[in-house]
There are 2 protein chains.
Amino acid sequence: MATRLERASEDLTAKARIRDAALRLFAEQGFEAATIRAIAAAAGVSSGLVRHHFGSKEALRDACDSFALERMIAIKEQAWVVGRLADPGFLASVYPSVLEYQRYVARSMVDGSSASAALFDQMVALTEQWAVAGRLPTTPADPRAFAAALVAMQSGLLMLHDHVSRALGADVLDAAGQIRLGNALVDLYSNPLLTAEQAAQARASYEQVRSRLVDGRADGDSGNDSGIGSDSDSDSGIEG
Amino acid sequence: MATRLERASEDLTAKARIRDAALRLFAEQGFEAATIRAIAAAAGVSSGLVRHHFGSKEALRDACDSFALERMIAIKEQAWVVGRLADPGFLASVYPSVLEYQRYVARSMVDGSSASAALFDQMVALTEQWAVAGRLPTTPADPRAFAAALVAMQSGLLMLHDHVSRALGADVLDAAGQIRLGNALVDLYSNPLLTAEQAAQARASYEQVRSRLVDGRADGDSGNDSGIGSDSDSDSGIEG
DNA sequence: CAGTGGACTACACAATCGTGTAGTCCGGCT
DNA sequence: AGCCGGACTACACGATTGTGTAGTCCACTG
């Protein structure tokens, strides 16, 4: 199906238009907030047709998941944006449409789609094996944690793209803003944020907390801690 | 009010318990998915009491926003996590409860709270002025974009904390997982991801796209681009 | 002791959600 | 021509949502 037309935005199948509208509205408003009626209106069809083509709202989400996944697999094993940043011509070939799918996937990760969890793991595994492949200037000590952090952070960039755009005064999803953000990312990825001494100091701080943890107080308060309190901490801050 | 008790998780005022439950459920499920009845049940009160204390769901969200903001301002100008990472003793003094508020704020940013937008800008401004203050090994070329990207990425780490935890096999919100993630972040922040040549190559690639942009085709398709298509790209990937 | 105000609950209401159903339109097949 | 299946719509349904209202309980004050 949908083999007739390849591009041509309005001449798509109604089913494809519904899927595209769902992709966009799910990404923009979240799964709960995006109603079937709003999706149908955005696609220019009746709400009943959504059900006719996709059974239920959850099935529509699944269809969006697998479609976005399929479209992103086409840009295979690029380890999110990071790995391809150094590849000239990467931008022009990729970002026109795939970024939209990445945005959807990133948003669906916080909305708790089941497919997105598997996708996250897949991207982490991909990034991990990219991290240990020796293409990085320095191979991380904990590649899995490194990869998980990197994927989550990169997803945050997409999820908060409108906030980032507002802060920059340019839409980071179109070409102009993308270039500015991309350059900033190159800056961020090519220069360390911490000096070697700072890093060693931080690691020592963690080690100190860790040893205190395995020692005495297991401190097993699980989550619903007061929240009120913890005021009398040292507020000696950054300076000094 | 609520000056009686300071800690003591169950002996809190009902209003405080509602706020805490809302903070948690909003962060976990999102603003739309978290119902007033679920919040009331989590707080152990009736749903009507929520309205009695906070007027409306939006007002409850505002209360959560300002409360989380107030609690985070107490950890003033630490420029998100990054700036304090090098500060020994930072972990032990901060992360027990504040992380929950950061998690809420991060989630409210994708849910579109009005206060969270202002908070994002505030954190960007803070990070920006921290970036230009010379505390970094190398001052970024575009501090604003640098700061915006950093804040968004750090927020992504919080928003996807459960995915990160699943990938790591440890809850990154408790002490043990936090240490592992923290060390990975130190690794990520203290080592560049791109070599100088790769960075230069990427910058050249961006410049090439930029010059092609200002030249001819303004390419003003605004958003509802097909999405189907863009298939015949070069898939020459990472290697080489 | 009467009264008063706030914390708190039970219940009802309108709106909106996802879903179900009946029915219309139209192109392709025998 | 006859018809038959899928695309598509209009409309109705329970369920759930946020919200509104009436009323109970209790601590405190005169």
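Lettering follows sequence order; numbering is per chain, from 1.
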Task: B:His52 NE2 to C:dG5 P, straight-line distance once rounded to whole Å - done: 14 Å
Open item on the list: Nearest whole Å is fine: how far is C:dG20 P from A:Leu49 CG?
Closed with: 16 Å
TODO: Would you mind checking if B:Asp62 and B:Arg19 are paired as a salt bridge, meaning a charged N to carboxylate O distance below 4.0 Å?
DONE: no
- [ ] Any ring-ring contact (aromatic ring centres under 6.0 Å, His included) involving residues 41-64 of chain A? Give me the pairs, sequence neighbours left out, ordered by first then second residue.
- [x] none
Open item on the list: I need the A:Ser116 OG to A:Met123 CE distance, nearest 0.5 Å.
Closed with: 8.5 Å
Open item on the list: Can you tell me how far apart SG (A:Cys64) and CG (A:Leu23) are? Round to the nearest 0.5 Å.
Closed with: 5.0 Å
Could you list the protein-to-nucleotides 15-18 of chain D atom pairs, N/O on both sides, closer than 3.5 Å?
| unit_1 | atom_1 | unit_2 | atom_2 | d |
| --- | --- | --- | --- | --- |
| D:dG18 | OP1 | B:Lys57 | NZ | 2.8 |
| D:dG18 | OP2 | B:Ile36 | N | 3.2 |
| D:dG18 | N7 | B:Arg37 | NH1 | 2.9 |
| D:dG18 | O6 | B:Arg37 | NH2 | 3.2 |

Task: Phosphate OP1/OP2 of C:dC8 contacted by B:His53 side-chain N/O (<4.0 Å) - done: yes
Task: Integer-rounded Å distance: C:dG6 P and B:Ile18 CD1 - done: 17 Å
- [ ] Would you indicate whether the side-chain heavy atoms of B:Val151 and A:His163 approach each other to under 4.5 Å?
- [x] no
What protein N or O atoms touch nucleotides 21-24 of chain D N or O atoms at under 3.5 angstrom, if any, and at what distances?
none

TODO: Nearest whole angstrom, please: distance from the P of C:dG6 to the NZ of B:Lys15.
DONE: 13 Å
TODO: Using a strict 4.0 Å threshold on nitrogen-to-oxygen distance, state whether A:Arg107 and A:Asp65 make a salt bridge.
DONE: no
Open item on the list: Starting the side chain at C-beta, find the nucleotide from C:dT9, C:dC8, D:dC8 nearest to B:Ser46.
Closed with: C:dT9
TODO: Grab the CZ-P distance between B:Phe54 and C:dA7 for me, whole Å please.
DONE: 11 Å
Task: Cation-pi, A:Phe31 ring and A:Lys57 (6.0 angstrom, 45 degrees) - done: yes
Task: Derivation of the side-chain contact (heavy atoms from CB on, under 4.5 Å) call for A:Val124 and A:Arg144 - done: CA-CA 7 Å; A:Val124 169; A:Arg144 182 142 197 91; 4.0 Å; yes
